[in-house]
Amino acid sequence: MSRPQPLSGFPELLPRQRIVEQQVVDHLRRAFELHGFANLHTRAVEPMDQLLRKGETSKEVYVLRRLQADAEGGDAGLGLHFDLTVPFARYVLENAGKLNFPFRRYQIQPCWRGERPQEGRYREFLQADIDIVDLGELPAHYEVEVALVIADALRGLPLPPVRMHVNNRKLSQGFYQGLGIHDTDEALRIIDKLDKIGHDAVAKLLIDTVDATPEQAEACLKLASISAEDTSFVEEVRALGVSDPLLDEGLSELAAVVDAAAKEAPGFVVADMKIARGLDYYTGTVYETVMEGYEGLGSICSGGRYDKLASDGKHTYPGVGLSIGVSRILVPLLQAGKIDATREVPTCVIVALADEEDRSAANALAQRLRRRGVPTQVSPSAAKFGKQIKFADKRGIPFVLFTNEEGTQIKDIRSGEQTTVDVDAWEPPAADLHPTIVAE
RNA sequence: GUGGUCGUAGCUCAGCUGGUAGAGCACUCGGUUGUGGUCCGAGAGGUCGCGGGUUCAAAACCCGUCGAUCACCCCA
């Protein structure tokens, strides 16, 4: 077949879908900026050693190679970034002297991972990140703040209801430690699989891999079963009878997040002790967000606190951040037709053409509308008016402007209503000026 | 990377045990000598993903390949 086929994992949108994506990105941008986050744009590539820095993450990194490079490659092993946290950490170190701390930034850029694509997971995807990073110490209140920023950003988007599940690494690991389990990192990774493999399999893994006794395993699972929308979880955890200083710290930090969130974004955050996150660099609060009806997508927004986002040996830069999977949210919703744009072009008004000779007059008319911010285009040809209206209709353009004996008339092609207007005063209804997102 | 399923018109799909392609929607033109959406009529559009094999004959069977999709893994 000569027609090119799509590339697995590299979704491309149709114009009307792209309008949805653009509107979402604009919305996120406004929300982040309202909270004082500065924008950053980092290069697409990072040195391989930077990308592979974080533990032995088996991320499938796309490696860059120049066609003309020597076989042995004098190229300094570059790879495309697979998230925005790693580039940000590098950027912070590189520009530490020029940044003011605490520093808050947002970043909305594509990322690449070579994994096998699936619904909601792509090889190229858009991610919207916020992080707050400080020098030396990062106050715990930022762990509350980033969750609230996300709540604010996601709210107001026409998406299915979303809910953020929050836990604290100190809480879980302190609990395991208090129980007498030594490899608390591994225990956490096992608990992370709870949703996938179930209670019994997790118990068996705990017993087999971290030498937990059946009683210890059961206690871990009891902890993981606790969840609450308010601080009542603190009592539930205490009731399990484990005591440990790290556990206490975790409990009070998580309580602070849940307490503040309950006040400022009721119903958005739920404390959930089975949230662990597979990644090893989180050290405090961890977040995962699910979209109602799309639980199968997994987390659409996650992140956490890391005491060592970056370090140059002398200074450490702790941070806390969250990342919204824009593609993960949008592509499945678009494909399912759950979300769409009101039209497929920005155009609000088509200036009809009675005769090709009228084109320059029509251009002038269009320009008068554009000057006042009304996206306008002139009809492609002086075809029959029926066709010109159809041209608009097919694209979802709401208005057609005619010039006739009555003067200039605007027709709303949805209602069919046509009225004589003053081109320099006419305003479309606010909802029609630009395309908007509609949810099913 | 491992395994399953699928690949026919722009889209959704039909095509029985092999006999060389069809529907609906969309599209173009006309009915409607310039204000669409309904209706009616006509028309255009496919080397049946690609390559090879079996056969008198393959969209159909076999092999390979590419692509899609799902599961595992991992995660946004």
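All chains are named by letter (A, B, ...) in the order of the sequence lines, taking the proteins before the strands, and each is independently numbered beginning at 1.
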Option among A:F88, A:Y142, A:Y282 that satisfies the ring-ring contact (aromatic ring centres under 6.0 Å, His included) test with A:Y306: A:Y282
Touch class at under 4.0 angstrom, heavy-atom based, for A:L297 against every strand present: nothing
Nucleotide B:A71, atom P - distance to CD of A:E115 in whole Å: 14 Å
Please tabulate, for side-chain N and O atoms in residues 316-331 of chain A, each donor-acceptor pair with protein atoms closer than 3.5 Å (sequence neighbours left out).
residue : atom : partner : partner atom : Å
A:S323  : OG   : A:Q127  : NE2          : 2.3
A:S323  : OG   : A:D129  : OD1          : 2.7
A:S327  : OG   : A:L126  : N            : 2.7
A:R328  : NE   : A:G120  : O            : 2.9
A:R328  : NH1  : A:L297  : O            : 3.2
A:R328  : NH1  : A:S299  : O            : 3.0

B:C11 versus B:A71 - spacing of their P atoms, nearest Å: 25 Å
No-H, no-angle donor-acceptor pair, A:R121 side chain to B:C74 base, under 3.5 Å: yes
Contacting residues from residues 322-334 of chain A, given that a heavy atom lies under 4.0 angstrom of RNA chain B: A:G325, A:R328
Sugar-phosphate, base or nothing in reach of A:K411, heavy atoms under 4.0 Å: base
Nucleotide B:U28, atom C1' - distance to NZ of A:K387 in whole Å: 8 Å
Trace of the side chain to side chain donor-acceptor pair (under 3.5 Å) decision for A:Q388 with A:S379: CA-CA 7 Å; A:Q388 298 192 46; A:S379 180; 2.8 Å; yes
Sub-4.0 Å heavy-atom contacts from residues 344-363 of chain A onto RNA chain B, ordered by number: A:L353, A:A354
Touch class at under 4.0 angstrom, heavy-atom based, for A:I413 against every strand present: base
Distance, C1' atom - from B:U8 to B:G49, rounded to whole angstrom: 10 Å
A:K274 NZ to A:S227 OG distance, which is reported to the nearest 0.5 Å: 6.5 Å
Between C1' of B:C29 and NZ of A:K384, the distance in whole Å: 10 Å
Whole-angstrom distance between B:C25 and B:C39, as gauged at atom P: 9 Å
Interatomic distance, A:F391 CZ vs B:C27 C1' [rounded to whole Å]: 16 Å
Cation-pi geometry met for A:R43 and A:Y91 (6.0 Å, 45°): no
Residue pair A:T420 / A:E406, side-chain donor-acceptor N/O under 3.5 Å: no
Sugar-phosphate, base or nothing in reach of A:C301, heavy atoms under 4.0 Å: sugar-phosphate
Whole angstrom value for the distance that separates P of B:C75 from NE2 of A:H165: 18 Å
Gap in Å between the two C1' atoms, one belonging to B:G7 and one to B:A14, rounded: 15 Å
Spacing of the P atoms in B:G30 and B:G46 (rounded, Å): 23 Å
Stacked pair A:F385-B:G36, distance under 5.5 Å, angle under 30°: no
A:E119 or A:N404, whichever maps to the more 5' nucleotide of RNA chain B: A:N404
Spacing of the C1' atoms in B:G45 and B:C27 (rounded, Å): 9 Å
Pairwise C1' distance for B:C61 and B:G18, with rounding to whole Å: 8 Å
Donor + acceptor pair across side chains of A:T403, A:D358 (<3.5 Å): no
Distance, C1' atom - from B:U12 to B:C6, rounded to whole angstrom: 15 Å
Over-ring placement of A:R30 relative to A:F32, 6.0 Å and 45° cut-offs: no
Side-chain donor-acceptor contact under 3.5 Å, A:Q107 with A:T42: yes
Check: B:G36 base within 3.5 Å donor-acceptor of A:D393 side chain: yes
A:K193 NZ - B:C74 C1' separation (whole Å): 9 Å
Pair A:E115 + A:R123, salt bridge at N-O below 4.0 Å: no
Gap between atoms CG and C1', on A:D83 and B:C74 respectively (whole Å): 14 Å
A:E288-A:N167 side chain donor-acceptor pair, cut-off 3.5 Å: no
For B:G19, the Watson-Crick or wobble partner whose two distances fall under 3.5 Å: B:C56
Touch class at under 4.0 angstrom, heavy-atom based, for A:R123 against every strand present: nothing
Pairwise 5' ranking along RNA chain B for A:R116 and A:R414, keeping only the more 5' one: A:R116
Atom-pair distance (CD on A:Q118; C1' on B:C6), nearest Å: 16 Å
